[in-house]
Every structure is written in C-alpha cells, then in structure tokens.
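Here is the naming used below: chain letters follow the sequence lines, and residue numbers restart at 1 for every chain. Everything quoted here is computed from the prediction, not taken from an experiment.
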Protein chains: 2
Amino acid sequence: MKRSSIKDIARLARVSHSTVSRALSGSTLISPETAGRIRKIAEESGYRPSAAARSLVTSRTATIGVVVTSIADPFAAEVVLGIEDAANDHDYSVILANSNAQPEREVRVVRAFEERRVDGIIVTSSRVGAIYVDMLSQTQVPIVLLNNQHPSEFMHSVMIDNVAGGLDATRHLVGLGHRRIAYIGDRFGCQSDTERFGGYRSALDLAYLPFLPEYVAHGDGKPDGGAPAMESLLSLPSPPTAVFCYNDMTALGAIRAISARGLRVPADISIVGFDDLFFAQYSAPPLTTVRQPMRDMGRLALETLLQLLSGAATQPNIKVPGELIVRQSTSAPMENS
Amino acid sequence: MKRSSIKDIARLARVSHSTVSRALSGSTLISPETAGRIRKIAEESGYRPSAAARSLVTSRTATIGVVVTSIADPFAAEVVLGIEDAANDHDYSVILANSNAQPEREVRVVRAFEERRVDGIIVTSSRVGAIYVDMLSQTQVPIVLLNNQHPSEFMHSVMIDNVAGGLDATRHLVGLGHRRIAYIGDRFGCQSDTERFGGYRSALDLAYLPFLPEYVAHGDGKPDGGAPAMESLLSLPSPPTAVFCYNDMTALGAIRAISARGLRVPADISIVGFDDLFFAQYSAPPLTTVRQPMRDMGRLALETLLQLLSGAATQPNIKVPGELIVRQSTSAPMENS
DNA sequence: CTGAAAGCGCTTACAG
DNA sequence: CTGAAAGCGCTTACAG
C-alpha cells in the first residue's frame with residue numbers, strides 16, 4: 001500500500017492541500033480549529049511528509065554526511081556517536097560512509113553526498129584532505145574536519161590539542177624519572193602525529209633531555225604496526241625505559257612486543273598511549289593515556305556545522321584539550337636503568 | 001552558487017532535458033554520439049543528479065536505515081561496518097540512528113526513516129521489537145533484524161547460533177575438567193541470553209553435571225554489570241571454578257571482580273566470553289570466547305534486505321555459526337578445587 | 001532517436 | 001484565514 005500524501009489528507013479534511021501543508025508545518029495563518037482537525041486526521045492516517053518532496057522545494061535536506069575511515073575504529077565510533085546524538089537533538093539525520101582510506105572510495109562517497117544534497121559534511125581523521133577542499137569550492141557545502149589533516153582556510157575544524165597532549169604525556173614520564181624516552185609515531189606523517197611528536201620534543205627540551213633520532217619509530221596507528229616499531233626500539237644498544245605512543249592502538253602493539261620479549265610493563269618499560277579508548281582501562285596493564293573527549297568532539301563538530309548552516313559567526317578552528325589519565329602502564333624506571 | 005540541474009545541461013547540449021535524463025541514465029534509445037556529448041558536458045560542469053527529485057518519481061531512495069542501540073558499542077560498530085560495506089557495493093547509502101535503548105527515541109528514529117522513505121531497515125540488537133512490527137504492517141518497508149528479540153513471522157532475521165555457541169563454550173570448560181561452571185547472563189532476558197543459557201544447560205546435561213540455580217547470575221551486557229554478578233558468585237559457599245559469560249563485555253567485568261578479590265584468571269577461575277570483540281585478544285588475560293562473524297552478519301543482513309527489495313525468494317531466518325576461540329582465560333581447574 | 005507533457009509530493013508567493 | 005497556481009528536478013509514457 002502506498003503512503004498517503006498531503007492530498008489524501010486534504011481530501012479527508014475537505015480543504016486544499018496548501019492548507020494541510022500549512023497546518024502541519026505550524027503556520028499561524030491557519031485557524032486553530034482547522035489546524036487541529038487536520039493534524040488529527042494526519043495523525044490517524046499515519047501520514048508522514050516526504051522528506052524528498054520537501055527538500056526539493058526548500059533545498060535543504062536536514063541531513064549531514066559523515067565520512068570515517070572505518071566505523072569499526074573505536075575512535076571513529078565514539079565520535080560518530082557524539083555527532084549522531086547532537087544531530088538527533090536538532091532533527092538532523094546522519095548519512096554514514098566508510099572510506100576505508102581508499103581514495104577511489106572517498107571520491108564515490110563525496111559523489112553520493114552531493115547527489116543526496118547533504119546540508120553539510122563532517123570528515124573524521126581522514127588522511128585525504130584535498131578531495132574535500134575541491135568539493136567545498138564546487139558545492140558550497142560546509143565541511144567540518146575533525147582531527148584532520150591540515151584544515152585550510154576554507155575549512156572549519158575541531159581538533160584535539162595534540163601538542164599539549166604530547167607534552168603532558170612525555171612530562172609525566174620525565175616526572176617519573178625516565179631519561180630514555182622514545183616515541184612511536186604514525187608512519188603516514190599526518191598532522192596529529194607531527195603535533196604529538198612536537199609535544200614530545202618540547203617536553204624533552206624542557207627537561208634538558210637530548211633528542212635522539214633513534215628513539216623515534218613508526219607504526220601505523222594499529223597494534224600490528226606498533227609491535228614491530230617497539231621491537232626495533234628494543235633492539236637498540238641502549239633501549240628506552242619509556243615510550244610515548246601515537247595512540248592507544250599503537251600502545252597495545254608495543255605492549256605485545258614487550259611481553260613477547262619476556263619483559264614487563266611498566267616494570268621494565270613504561271608505556272603511554274593517546275585517545276583513552278574504552279578498552280584502555282581493560283588492557284594488560286591498564287593504559288596510561290591522554291584522553292580525547294571523543295563524543296564531545298563529535299557533538300562540537302556537528303554544532304559548528306549547524307552554526308555554519310545558520311550563517312552564524314563561528315570560530316573556525318576549535319582546539320579541545322586532552323587529559324592525561326594515569327593508570328598502571330607507567331612507573332618509575334628501574335634503579336639500574 | 002546553485003547546483004546545475006538537468007535543464008542547464010540540456011541548454012548547454014542543445015537538447016531537451018528528457019534527452020539528458022536518458023543519456024545520463026544510459027538509455028539505449030539515445031544515439032551514442034549524442035549520449036557521449038551530453039555525458040561529457042555533464043561531467044565537465046560537475047553535474048550531480050538530485051537523489052531527492054529522482055526518488056520522488058521512482059519512489060525508491062537507494063537508502064537503508066540502520067538502527068543500533070549505540071554505535072559506540074563495538075559489536076554494533078563491526079556490524080554496521082559490514083552493512084555499510086555491502087551497501088556501498090550496491091550503491092545504497094546508509095542512514096544511521098542510535099536508539100540508546102530509549103523507546104521514545106526509537107519512535108523518533110522510525111518516524112525519521114519513514115519520512116526519508118528508506119527502502120528498508122536493519123535493526124541490530126534492539127530489545128524493542130514490537131515497534132518495528134507495527135511499522136512494518138503500516139509501511140511495507142522490509143525489515144531485517146540482526147541478533148534481535150523474537151523475529152516474528154513478518155520479520156526476516158540474521159542470528160548467531162546462540163545455542164551452539166553456548167554449548168561449545170561450556171563444553172570447552174567441561175573438557176578442561178571443570179565441574180562447577182556458572183553462567184552470567186543478561187538481566188534483560190533477551191532471546192540471545194535465553195538461547196546461550198540453553199546451550200549452557202545442554203552442555204551440563206551432556207556431561208551429567210547438575211544444574212545449580214545459584215550458579216546463574218545476571219549482568220547488563222557491560223563490564224559494570226558483569227563485575228557485581230561475578231562478586232555474587234564468588235561469595236557462594238562453593239564458588240564456581242569456571243564461568244561462561246553472556247558476552248565479552250560481561251567477561252571483562254567478571255575478570256575485574258576476580259582480580260579485585262586477589263584471584264587470578266585462569267589459575268583460580270576460568271572465564272569464557274561471547275562475541276570476540278577486537279580487544280578480546282588484548283584483555284588481561286586474552287579472552288577465550290565465541291566469535292561472532294560480525295561484519296559478515298552485517299553484510300548478510302544487507303543482502304537479505306536487497307533480496308527482499310528485489311522480490312526474490314529469501315530464507316527468512318538465517319542462522320550463522322559462531323566459533324570458539326581458545327585463548328588464555330581458560331585452563332584446567334586447580335587440583336584442590 | 002528525440003521532444004513535449006504529465007506528474008511525483010511538497011512549499012510558498014499571490015489573490016481574495 | 002483559505003485556495004489556485006507555479007515550481008523544485010527529475011523520469012517516463014506518449015507522440016512523432
């Protein structure tokens with residue numbers, strides 16, 4: 001059976017379909033009695049306005065497109081939760097698309113968003129930035145980047161304060177007495193990596209600790225990349241006693257590599273992560289890490305987008321502070337280290 | 001600047017907009033030269049057909065709605081990844097909605113899906129089933145339930161084989177020599193809980209082990225519910241030596257409670273989970289669990305939906321086998337147990 | 001092979 | 001306060 005349209009309601013209410021439209025949209029032009037009667041009929045017949053028809057004339061869809069590398073990435077999932085939650089509050093829907101970090105797919109995603117005339121787009125943790133810049137210049141669709149590569153002047157963004165986070169993490173290690181502190185970064189050299197590394201460097205400088213290039217290794221942001229990076233550090237003539245990792249996933253891999261060598265965390269080596277993913281508190285040992293307020297960041301991204309849509313003045317680049325969470329993966333170095 | 005429409009392309013190509021429509025949709029009616037010329041112009045001007053306008057006449061949207069309790073739940077995230085991935089293959093988009101297990105919100109979600117005229121709906125792990133039954137009867141929109149409450153005769157579903165999973169998990173413990181085996185279920189009494197419990201019972205029966213009601217406790221599917229349930233089991237005069245948990249999250253809480261008592265897993269108590277979430281391999285200790293092929297299940301749900309949409313005959317209730325993954329949270333019981 | 005016309009379900013000036 | 005009319009951007013019989 002076909003869904004009923006505004007005309008069906010009009011017929012039942014013995015008014016014109018224009019009147020129905022007005023009554024249902026809460027126009028003050030309509031007499032309260034008529035409006036009430038129409039709304040009752042619409043309710044009873046289970047009428048649902050067609051979003052497509054409405055958007056065709058209003059040229060807005062109340063839909064925003066969200067691109068994530070993978071929704072199965074816990075960081076992305078938390079961010080999307082925040083976005084969807086906030087969207088729901090404002091009667092917006094979220095169209096989700098995974099890019100899988102495949103450029104070809106990223107292009108298709110953008111096409112799909114354009115065809116669906118999303119009102120705005122949020123891109124989370126993408127390494128591809130250029131494609132969105134192009135899109136923006138062609139479509140006028142506001143875009144908000146979350147923890148993304150180089151937000152340009154055209155782009156609004158929500159970013160964690162990577163520098164301060166890296167600084168806090170590394171200072172925590174310095175404070176525990178570590179002097180040989182390594183960094184396992186992300187081999188793709190994205191902005192967050194550069195900035196977290198920057199925080200690490202600053203902390204070394206502040207403590208008058210020398211920066212040793214051999215104490216920098218690179219993973220891929222996941223455990224399987226973190227493990228070999230840690231192995232290479234362990235093979236050093238004078239291995240580090242503490243490692244600040246680009247993120248929690250990398251830290252998990254690092255811990256795995258350390259255990260594989262028969263060493264213990266934190267007794268032999270301290271580990272700090274970044275993100276504070278849900279399971280950071282359940283890892284072995286529970287992870288000291290820099291917490292990103294992921295849901296809040298998602299919500300903030302959506303609200304920024306909505307402000308952009310309403311034409312309100314917006315702070316173009318929002319920086320959110322992280323928070324060091326100390327758990328059991330860090331301790332003072334051993335005496336003889 | 002406004003997006004160009006089919007009319008703009010028609011003007012540029014000096015043809016009617018009908019011809020443009022046909023050329024772009026690959027109609028064989030159009031001469032190859034004309035079609036090529038039109039496509040080239042459309043390409044150059046960055047034309048994107050309006051999905052809304054198209055759907056208004058075709059009365060399909062190539063969109064499916066997905067309801068999850070929370071996208072931040074790792075199980076849901078993996079499932080959604082599978083759905084989105086498969087949807088992408090078939091040029092469908094996914095509208096995502098979190099219900100947060102709030103009935104009021106679940107209703108709004110359904111309304112939004114109706115207004116957007118989604119072609120079909122997938123509901124994952126919802127405790128509310130009735131609302132979707134109602135919707136189905138009103139809208140003809142096919143619905144596929146994934147690991148959901150009571151798939152009725154109107155509903156198609158993809159389910160993990162909970163009974164076999166519970167059976168395997170418990171038999172594994174029996175095989176290790178355990179005789180005092182407990183079960184921590186989900187207090188909401190959903191179908192998967194009932195079925196996993198059923199598998200547990202069968203395994204006890206097969207091993208001629210008595211079923212003891214005091215060996216059944218209830219959590220809430222999350223660590224914070226699993227921990228107190230485990231505590232109550234530990235307070236028993238003769239506590240169990242092994243526990244099969246409703247899911248990995250519950251198992252995490254159980255392990256936490258065990259550690260809090262100064263006991264060890266698996267030396268003192270063996271623990272089996274269910275799901276094999278990503279971090280099950282990184283927990284302390286790595287978790288023995290029943291793996292659900294979450295992505296495949298998501299993909300299967302989408303493909304079932306597409307078959308329903310195409311009117312093809314479909315197997316209404318698909319049961320997917322789980323797989324016992326043995327890690328380090330289980331071992332033989334201590335001698336004196 | 002191509003075009004003119006109708007229509008999908010809405011919103012919104014324009015009249016009254 | 002209400003209605004008739006136009007139009008959003010498409011697709012698709014119907015003619016030719």
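The side chain of B/S5 sits closest to D/dC10 out of D/dC8, C/dC10, D/dC10. Comparing atom distances between the A/P49 side chain and each of C/dC10, D/dC8, D/dT2 picks out C/dC10 as nearest.
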Represent DNA chain D in dot-bracket notation, 5' to 3'. Only Watson-Crick or G-U wobble pairs with both distances under 3.5 Å count; pseudoknot-style crossings use [ ] and interstrand partners use |.
|||.||||||||.|||
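With sequence neighbours left out, the ring pair (Phe, Tyr, Trp, His ring centres under 6.0 Å) criterion links B/Y92 to no other residue. Under the side-chain hydrogen bond (donor to acceptor under 3.5 Å, both in side chains) criterion, B/N162 pairs with B/E195, B/R196, sequence neighbours left out. Scored by the side-chain contact (heavy atoms from CB on, under 4.5 Å) test, B/S5 finds B/K7, B/D8 as partners (sequence neighbours excluded). For A/F278, the ring pair (Phe, Tyr, Trp, His ring centres under 6.0 Å) partners two or more places apart in sequence, or in a different chain, are A/Y282, B/F279.
With hydrogens and angles ignored, the 3.5 Å screen pairs a side-chain donor or acceptor of B/D186 with a backbone N or O of B/F188.
Under the salt bridge (charged side-chain N to carboxylate O under 4.0 Å, His left out) criterion, the residue pairs touching residues 83-92 of chain B are A/R105-B/E84, A/R105-B/D85, A/R108-B/D91, B/D85-B/R299, B/D89-B/R299, with sequence neighbours excluded. Screening residues 32-42 of chain A for salt bridge (charged side-chain N to carboxylate O under 4.0 Å, His left out) gives A/K40-A/E44 as the qualifying pairs, with residues at least two apart or on separate chains. Sorted by first and then second residue, the salt bridge (charged side-chain N to carboxylate O under 4.0 Å, His left out) pairs with a member in residues 55-82 of chain B read B/E78-B/R295; sequence neighbours excluded.
The distance from atom CD1 of B/I30 to atom C1' of D/dT11 is 13 Å, rounded to the nearest whole Å. C/dG3 atom P lies 15 Å from atom NZ of B/K7, rounded to whole Å.
No side-chain donor-acceptor contact under 3.5 Å links A/N98 and A/S70. Looking only at atom types and distance, the side chain of B/R117 has no donor-acceptor partner in the side chain of B/S55 under 3.5 Å away.
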Would you check, one step at a time, whether the test side chain to side chain donor-acceptor pair (under 3.5 Å) holds for B/R116 with A/S93?
CA-CA 9 Å; B/R116 288 197 152 66; A/S93 290; 3.0 Å; yes
Nucleotide N/O to protein N/O under 3.5 Å, stretch nucleotides 12-16 of chain C:
from, atom 1, to, atom 2, distance (Å)
C/dT12, O4, A/S18, OG, 3.4
C/dA13, N6, A/R22, NH2, 2.3

Acceptor/donor pairs from residues 24-31 of chain B side chains to any protein atom, 3.5 angstrom cut, sequence neighbours excluded:
from, atom 1, to, atom 2, distance (Å)
B/S25, OG, B/S21, O, 3.1
B/S25, OG, B/R22, O, 3.2
B/S27, OG, B/L29, N, 3.1
B/S31, OG, B/T34, N, 3.3
B/S31, OG, B/T34, OG1, 2.6

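Of all the residues in residues 32-44 of chain B, not one reaches under 4.0 Å from DNA chain D with any non-hydrogen atom. For residues 8-16 of chain A, proximity to DNA chain C is found at no residue, defined as any non-hydrogen atom under 4.0 angstrom from a strand atom.
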